[in-house]
Asker: 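First the structure, then my questions, so here it is.
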Amino acid sequence: MLKQTLGSRRGDGVLRGAGWAVTTMLALGGAWGCGPAEGPLPEPEEPVLALSRAVEHGNGLNLNGLNLNGLNLNGLETQGLSLEGFATQGFSDWFQGEPTQRAEVMKYVVACAVPAGQTRAFTNTATGTTYRWEGLLGLAPGWSDGAEATREELQVVSACMAAHANKFGIHVTISLRGRDGGGNVLPVSLQESTVYGIQEACFFGNLFDGQTGVFSGNDGLSLGSGESSPRVCGLPGVPSGSQCQPMVYVGSCAAHCTLDASGGFYTSCTYGGTTYTRPLSTRMKVADIAHCGNGTCEAPEVCGLPSQCASDCGC
């Protein structure tokens, strides 16, 4: 579940969006292919007002949620992310087909598309359970207001969801760079730019058209022989065909994407003859790269994960 809590702005998942800051923990949903059942979410507490307008937060979407069939929202693309859209029989039938996975999908659709401070709710008439999903990033302003989603909004929400996909269920905070569905550049504070100093990956595509899917590429992060990271979907040489399916790894972002004049984000990415105009790129903290031999069992080193640093955990 996506849960807002008051407290320190240090530690797991400081999220900032459109001038608001909340400390956020994303439920990890376990490892690949499994996760806890979604249930009713608690009412959110009031967010903490902050000066920063950064966009940074954790990730935890199960990769299975990126399947094309999982994002056939049956009407929401045209009805809007509104009460009217959620009230359609088509959406209800789609949700009840696989409620656990689709509750997780909607958690991230709403988090990516809807602004912070807004909530979307749906009651499953088959069970009487009400789900509440919190808006966070506001990447699709028109769709959030009930209008039909534009191609750009569907692309940027798809890129956002791909950036949050987590193969191993390990919480790592990331910083997003790019433009929202309306063409506005995502704001990045000086502090965020400094703290999230590692260029990691790029993501683009369309999960909602039933045929395209999403793509990832490497944006410069290359690990040494004594380093490890749980975010493998953008690592060169690591994500072979089966690593991050259904996401498709395309190699270097620079080979497919065009930089903005500022050099801070990509304006478009082209793959397979199709150009996507709302890619997102990600940045990581230096502290989230694990180092072998330091005697500390860091998250990417835990037993069972593909890591060359497992000896620190006694594996």
Asker: Between S268 and T277, does any side-chain donor sit less than 3.5 Å from a side-chain acceptor?
Answerer: no
Asker: C297 and C313: disulfide bond (SG atoms under 2.5 Å apart), yes or no, with the steps?
Answerer: CA-CA 5 Å; C297 185; C313 301; 2.0 Å; yes
Asker: Classify the side-chain pair S144/E153 by whether it contains a donor and acceptor separated by less than 3.5 Å.
Answerer: no
Asker: What verdict does the disulfide bond (SG atoms under 2.5 Å apart) test give for C202 and C253, after you've listed the backbone C-alpha separation in whole Å, the side-chain angles of each residue and the deciding distance to 0.1 Å?
Answerer: CA-CA 6 Å; C202 60; C253 298; 2.1 Å; yes
Asker: List, by chain and then residue number, the residues other than F265 in its hydrophobic cluster (Ile/Leu/Val/Met/Phe/Trp/Tyr, side-chain heavy atoms under 4.5 Å); write none if there are no others.
Answerer: V185
Asker: According to the interplanar angle, ranging from 0 to 90°, do the rings of W94 and F91 count as parallel (below 30°), tilted (30 to 60°) or perpendicular (above 60°)?
Answerer: tilted
Asker: How does the hydrophobic cluster around Y266 look, that is, which other residues are in it when side-chain heavy atoms under 4.5 Å mark a link?
Answerer: L259
Asker: Check whether the SG atoms of C112 and C160 are less than 2.5 Å apart, and answer yes or no.
Answerer: yes
Asker: Using the side-chain contact (heavy atoms from CB on, under 4.5 Å) criterion, which residues pair with S82? Sequence neighbours excluded.
Answerer: E84
Asker: Name all pairs fulfilling the salt bridge (Lys or Arg N to Asp or Glu O under 4.0 Å) condition that reach into residues 257-284, sequence neighbours left out, sorted by first residue then second.
Answerer: D219-R283
Asker: For F204, enumerate each residue passing the ring-ring contact (aromatic ring centres under 6.0 Å, His included) test, keeping only those at least two apart in sequence or located in another chain.
Answerer: F215, Y276
Asker: Quick check on the hydrophobic clustering: are I174 and M247 connected, directly or via other members, by side-chain heavy-atom contacts under 4.5 Å?
Answerer: yes
Asker: In terms of hydrophobic clusters joined by side-chain contacts under 4.5 Å, are M284 and V286 together?
Answerer: yes
Asker: Classify the ring geometry of F122 against F86: parallel below 30°, tilted from 30° to 60°, perpendicular beyond 60°.
Answerer: tilted
Asker: Quick one: list whatever passes side-chain hydrogen bond (donor to acceptor under 3.5 Å, both in side chains) with T88, sequence neighbours left out.
Answerer: none
Asker: Measure the acute angle between the ring planes of F208 and W143, then classify it against the limits of 30° and 60° as parallel, tilted or perpendicular.
Answerer: perpendicular
